[in-house]
**Q** 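Take this structure first; my questions come after.
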Amino acid sequence: MLPINKAWGKPHAFRSHQPNSSPEYTGCQRYRAGVLRLSTLFLKTLREDPADAEVASHRLLVRGGFIRRAAPGGFTWLPLGWIVYRNVERIIREEMDAAGFQEVHFPALLPSEPYEATGRWTDYGPNLFRLQDRRGNDHLLAPTHEEMFTLLVRDIATSYRDLPLSIYQIQTKYRDEARPRAGLLRGREFVMKDSYSFDIDDDGLARSYQRHRDAYISTFERLGLPFVIVSATSGAMGGSASEEFLAPIDVGEDTFVRCTSCGYAANTEAVESAIVAVPDATTPTPPASVVDTPGTPTIATLVDHLNAHLPRDDREWVAADTLKNVVVMLHQPDGNTEPLAIGVPGNRDVDMKRLEAAVAPAEVAAFDENDFAAHPALMKGYIGPGVLGAASTSGIRYLVDPRVVDGSAWVTGADQTGQHVIGLVSGRDFIADGTIDVAEVREGDPCPQCDGSLTIARGIEIGHIFQLGRKYATALELRIPAESGELVTPTMGSYGIGVSRAVAAIAETHHDEFGLCWPREIAPADVHLIIAGRDDGPQRPVAERLATKFSAAGLRVLFDDREGVSPGVRFKDAELIGVPTIVVAGRGIDDGLVEVKDRRSGERIDVDIDAVVDHVRAVITNN
RNA sequence: CGGGAAGUGGCGCAGCUUGGCUAGCGCACCUGCUUUGGGAGCAGGGGGUCGCGGGUUCGAAUCCCGCCUUCCCGACCA
């Protein structure tokens with residue numbers, strides 16, 4: 001699959017382990033010849049799971065001695081983990097460079113001015129780390145760098161000939177997460193590769209977007225990460241077209257849908273509901289009527305009451321016949337608040353994540369008792385369209401689910417406790433201020449693009465690409481002379497990969513009950529060499545020779561040369577650490593054999609000592 | 001922001017209800033001997049302001065008050 005030179009021929013991970021190539025160098029022995037020796041490696045594996053770790057990647061990375069918690073939402077990379085991290089970073093960097101993108105590097109600590117110019121100083125809300133210097137000037141620890149890239153291009157690019165341009169950095173980012181969790185998957189400090197493209201026109205942006213999309217596909221394939229590309233919302237960044245790369249993992253925080261028959265896939269935040277047929281207008285609809293429905297503040301009690309006291313002729317009343325009106329309070333980043341009413345079919349709840357995404361950058365809060373007191377027209381449990389809408393007495397903006405099409409009839413609150421309206425027709429009896437597609441998405445919902453139905457799964461966001469447009473370029477006055485000579489505002493794209501998160505995502509998708517199983521290019525070594533025998537037995541000198549031979553052949557070796565450690569411990573540690581190939585110098589040695597074990601499959605075979613280097617090279621080449 | 005759970009040697013935990021003597025167990029660590037293909041055995045040893053502050057008491061890991069931190073869950077459903 002991978003050409004051999006890609007897999008290990010260039011010993012990137014170990015090159016820096018040879019700080020001085022002169023033969024006189026007598027530093028730590030484990031740096032010699034690219035052999036990592038467990039006897040001197042700064043590593044302690046843990047027999048038990050740490051109490052604060054829940055998800056597999058967090059548990060195994062801590063137990064295996066890759067990372068240690070250093071702060072809430074912050075981790076220290078230990079030697080083994082840092083090797084793995086740099087392998088991931090290197091692959092990402094190589095793929096970016098191969099795509100023709102150029103690497104730069106900004107400070108993480110930035111002044112507030114550029115972010116004030118684009119509005120993100122306030123729009124980013126409490127998730128932004130803000131601080132002041134000794135003079136009282138505002139600074140931030142950057143969560144992303146759109147502003148700085150834009151300003152850099154404004155500084156340097158002087159002509160349309162300088163575009164298209166795609167530049168990137170690999171940088172530590174900061175977000176003051178309300179609740180860091182799941183180890184590396186959601187921290188307050190993390191490493192991200194972020195790229196930005198600059199083009200004169202929309203066609204150019206589309207091409208740059210596609211180039212990044214292709215580069216991301218090859219990057220994630222090389223990282224060994226399974227992924228799904230889904231339509232997404234752009235959140236606080238602004239912008240239009242946007243797709244996320246999600247690694248489908250149950251512990252992921254994102255929920256996405258996929259169509260079972262066409263290629264449609266979307267984050268639930270961005271799912272568009274399938275179009276609902278407009279009812280036939282030629283069939284006369286009876287006028288709306290108010291009925292007494294005492295003690296029915298919930299959809300369930302309402303439906304029960306209707307079926308018991310006001311049965312339909314044709315069928316039973318169901319929750320989908322009702323229109324539920326939810327009122328929330330929006331908190332704008334500038335501190336203003338605004339109530340918003342949302343009408344959804346009674347069989348569905350409002351999905352808060354979808355709502356948050358739809359109203360971003362505003363934040364959504366519950367409508368509390370004080371809010372109800374300020375709007376006496378809202379009868380809790382019996383709110384109807386009669387008191388909602390910008391033109392109504394309450395003046396509360398009223399948006400309805402797309403399923404509430406003109407001509408559809410509903411049972412909904414009559415704005416009096418214990419009363420509902422039956423047969424209230426949208427477009428005839430009430431007109432909403434617009435639609436909002438934020439009702440929960442369910443397994444089996446119709447696909448918006450074909451006749452199929454949707455399935456739901458969870459995933460980790462490992463990459464996000466979107467077409468920003470001119471928001472940042474305009475705000476920061478980036479203008480470049482076009483071919484015609486007139487000044488034009490370039491259009492931008494923004495593309496991110498979570499580097500530290502990718503390590504966790506790989507661990508999450510490459511482990512079993514015994515420990516990690518790293519993809520070879522990510523793994524801290526190619527071969528984990530074990531001595532299984534007495535400390536003074538014949539295995540040790542054989543293993544020492546093998547370590548040297550493996551290394552000379554260009555293989556990265558993790559050598560368990562510890563003394564006084566029982567074989568069981570060595571086997572357990574090897575399985576926990578997850579190097580793809582394990583070579584055991586043990587009891588077969590008298591017959592001239594060592595054991596070669598595949599970490600993932602568990603398959604083991606005895607190989608002649610003199611042939612084992614070639615054997616392992618062949619294993620690497622063939623898989 | 002709300003709700004749960006928890007803070008006791010490096011790690012994982014018990015002890016707390018019903019206050020009391022030297023704060024205990026497993027792992028890890030140190031010394032010695034034995035052991036060496038699945039997280040070894042025996043013997044000896046070191047290491048803890050019981051999260052922080054205050055209070056009750058002759059006496060507090062234990063009871064009371066306040067604070068801090070960590071983990072999990074929820075984010076509001078008419």
**Q** Find which nucleotide of RNA chain B each of A/Asp52 and A/Val565 is nearest to by heavy atoms, and output the residue with the more 5' nucleotide.
**A** A/Val565
**Q** Please state whether the rings of A/Trp77 and A/Tyr85 are parallel, tilted or perpendicular, taking 30° and 60° as the class boundaries.
**A** tilted
**Q** Taking the side chain of A/Glu48 as heavy atoms from C-beta outward, which of B/G26, B/U36, B/U70 is closest to it?
**A** B/G26
**Q** For B/C73 versus B/G48, give the span between their C1' atoms, rounded off to a whole number of Å.
**A** 33 Å
**Q** For A/Asp608 and A/Asp610, indicate whether the former's side chain and the latter's backbone hold a donor-acceptor pair under 3.5 Å.
**A** yes
**Q** Sticking with atom P, work out how far B/C27 lies from B/C68, rounded to a whole angstrom.
**A**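 The answer is 38 Å between these two P atoms.
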**Q** Touch check for A/Ala51, heavy atoms < 4.0 angstrom, all strands: base, sugar-phosphate only, or nothing?
**A**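 Since only primed, P, OP1 and OP2 atoms lie under 4.0 Å of A/Ala51, the category is sugar-phosphate.
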**Q** Identify, between A/Asp535 and A/Ser566, the residue whose nearest nucleotide on RNA chain B lies closer to the 5' end.
**A**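 First, find each residue's nearest nucleotide; the 5'-ward one identifies A/Asp535.
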**Q** Is the side chain of A/Arg69 donor-acceptor paired with the backbone N or O of A/Thr76 at a distance under 3.5 Å, no angle test?
**A** no
**Q** Can you give the dot-bracket line for RNA chain B, using ( ) for pairs inside the strand, [ ] for pairs that cross earlier ones, | for pairs with another strand and . for unpaired bases, where Watson-Crick and G-U count if both distances are under 3.5 Å?
**A** ((((((((.[[[[.)....(...]]]].((((((.....)))))).....[[[[[..)....]]]]])))))))....
**Q** Looking at A/Arg120, A/Arg175, A/Lys173, which hits side chain to side chain donor-acceptor pair (under 3.5 Å) with A/Thr144?
**A**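 With A/Thr144 as partner, side chain to side chain donor-acceptor pair (under 3.5 Å) holds for just one option, A/Arg120.
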**Q** Would you tabulate the pairs of protein nitrogen or oxygen atoms and nucleotide nitrogen or oxygen atoms of nucleotides 28-31 of chain B closer than 3.5 angstrom?
**A**
unit_1: B/A28; atom_1: OP1; unit_2: A/Arg47; atom_2: NH2; d: 3.4

**Q** Roughly how far, to the nearest 0.5 Å, is CD of A/Glu513 from CG of A/Leu60?
**A** 11.5 Å
**Q** Would you call A/Arg604 and A/Glu595 a salt bridge, using N to O less than 4.0 angstrom?
**A** yes
**Q** When you get a sec, tell me which of B/C77, B/C72, B/G37 is the closest nucleotide to the side chain of A/Arg587?
**A**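 Within the option list, the nearest is B/G37.
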**Q** Please determine, for the side chain of A/Arg181, which listed nucleotide (B/C72, B/A40, B/C77) has the closest atom?
**A**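 Per side-chain heavy atoms of A/Arg181, the pick is B/C72.
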**Q** Under 4.0 Å between any heavy atoms, over every strand shown, what does A/Asp49 touch: base, sugar-phosphate, or nothing? Just pick one.
**A** sugar-phosphate
**Q** Which pairs, with at least one residue in residues 573-587 of chain A and sequence neighbours excluded, count as a salt bridge (charged side-chain N to carboxylate O under 4.0 Å, His left out)?
**A** A/Arg562-A/Asp573, A/Glu575-A/Lys597
**Q** Before accepting this row, confirm whether a basic side-chain N of the pair A/Arg354/A/Asp349 lies closer than 4.0 Å to the acidic partner's carboxylate O.
**A** no
